[in-house]
Colleague: 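Here you go, one structure.
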Amino acid sequence: MSKYLKYTKNFYVLGTLFFIFWMFFIDSNNVVNQFKLSSKLGELNDQKEFYIERKEIIKAEREELMSNPELLEKFAREKYLMKKKTEDLYVIVEK
């Protein structure tokens, strides 16, 4: 027991223990916050991959839509309810 008391009187040991306690529990960049930030970074990277894949799909659909006038007309009629001047438009809403 006296062996351990000898180390507690040493300034460097006390300073090191205080520094370790400070870094693990009190500091704003403590271990708990670093773990939370690391898991959040992983989630954001997953979302980034999802949105990059989704962006590629939308780019391909847009390219196909702009290259085919018939498909563009069909899209405009269905999505934005556009019509020609000589046509009547009926919207059927299903309940």
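What you see is a predicted model; the values in this text were computed from it and never measured.
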Colleague: Going from CZ on Arg62 to CG on Leu72, what distance comes out if it is rounded to the nearest 0.5 angstrom?
Modeller: 10.5 Å
Colleague: Answer whether the closest heavy-atom distance between the side chains of Trp22 and Asp27 falls below 4.5 Å.
Modeller: yes
Colleague: Could you go through the side chain to side chain contact (heavy atoms under 4.5 Å, CB included) check for Leu14 and Phe18 one step at a time?
Modeller: CA-CA 6 Å; Leu14 290 175; Phe18 177 74; over 6 Å; no
Colleague: Do Phe75 and Leu71 have side chains that approach each other closer than 4.5 Å (heavy atoms only, starting at C-beta)?
Modeller: no
Colleague: Evaluate the criterion side chain to side chain contact (heavy atoms under 4.5 Å, CB included) for residue pair Ile26 and Asn30; output intermediate values, then yes/no.
Modeller: CA-CA 7 Å; Ile26 299 173; Asn30 61 23; over 6 Å; no
Colleague: Say you draw a straight line from CD of Glu64 to OG of Ser67; how long is it, rounded to the nearest 0.5 Å?
Modeller: 6.5 Å
Colleague: Considering residues, nucleotides and ligands other than Glu56, do more than 12 of their heavy atoms fall under 6.0 Å from its CD?
Modeller: yes
Colleague: How would you list all residue pairs meeting ring pair (Phe, Tyr, Trp, His ring centres under 6.0 Å) that involve residues 27-66, not counting sequence neighbours?
Modeller: none
Colleague: How long is the span from the CD atom in Gln34 to the CG atom in Leu41, to the nearest 0.5 Å?
Modeller: 11.0 Å
Colleague: Checking Glu87 now: which residues fulfil side chain to side chain contact (heavy atoms under 4.5 Å, CB included) with it, not counting sequence neighbours?
Modeller: Arg77, Lys83, Lys84
Colleague: For the atom pair CG (Leu65) and CD (Glu70), what is the distance rounded to the nearest 0.5 Å?
Modeller: 12.5 Å
Colleague: Can you tell me how far the NZ atom of Lys40 sits from the CG atom of Asn33, to the nearest 0.5 Å?
Modeller: 14.0 Å
Colleague: Is there a path of hydrophobic side-chain contacts, each under 4.5 Å between heavy atoms of I/L/V/M/F/W/Y residues, joining Val31 to Phe25?
Modeller: yes
Colleague: Rounded to the nearest 0.5 Å, what's the gap from CD on Glu49 to CG on Leu44? Could you check?
Modeller: 11.5 Å
Colleague: Among the clusters formed by ILVMFWY side chains lying less than 4.5 Å apart, do Phe24 and Leu17 turn up in the same one?
Modeller: no
Colleague: Among the clusters formed by ILVMFWY side chains lying less than 4.5 Å apart, do Tyr90 and Met82 turn up in the same one?
Modeller: no
